[in-house]
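One is the number of the first residue; the rest follow in order along the sequence. All of these numbers come straight from a predicted model, not from anything done at the bench. Worth knowing before you read on, the calculation uses all heavy atoms, side chains too, and leaves out hydrogens, waters and symmetry mates.
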Amino acid sequence: MDAMQQHMLDTYRAACLDEPAPPPPGRHDRRTLRDLYRHWLTHPPTENRPARRLRTEP
């Protein structure tokens, strides 16, 4: 099931339950990418920061 089919199903369910319809897929993509870019500009990755390692069980 792709995103558009899921949206249509969610819209139908919301209409049956008298709830507001969900936003269409991709509606907030531009704002999310812009916010991530601004965060990256204000919090750039540092070279001296050690990488986090996951513990593995022996």
Show the atom names and distances, to 0.1 Å, of all donor-acceptor pairs under 3.5 Å that link a side chain in residues 19-30 to residues at least two apart or in another chain.
| residue | atom | partner | partner atom | Å |
| --- | --- | --- | --- | --- |
| H28 | ND1 | R31 | NH2 | 2.7 |

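- When the options L41, L33, D35 are evaluated for a side-chain contact (heavy atoms from CB on, under 4.5 Å) with Y37, the one that passes is L41.
- Qualifying side-chain hydrogen bond (donor to acceptor under 3.5 Å, both in side chains) partners for D10, counting only residues two or more places apart in sequence or in other chains: Q6.
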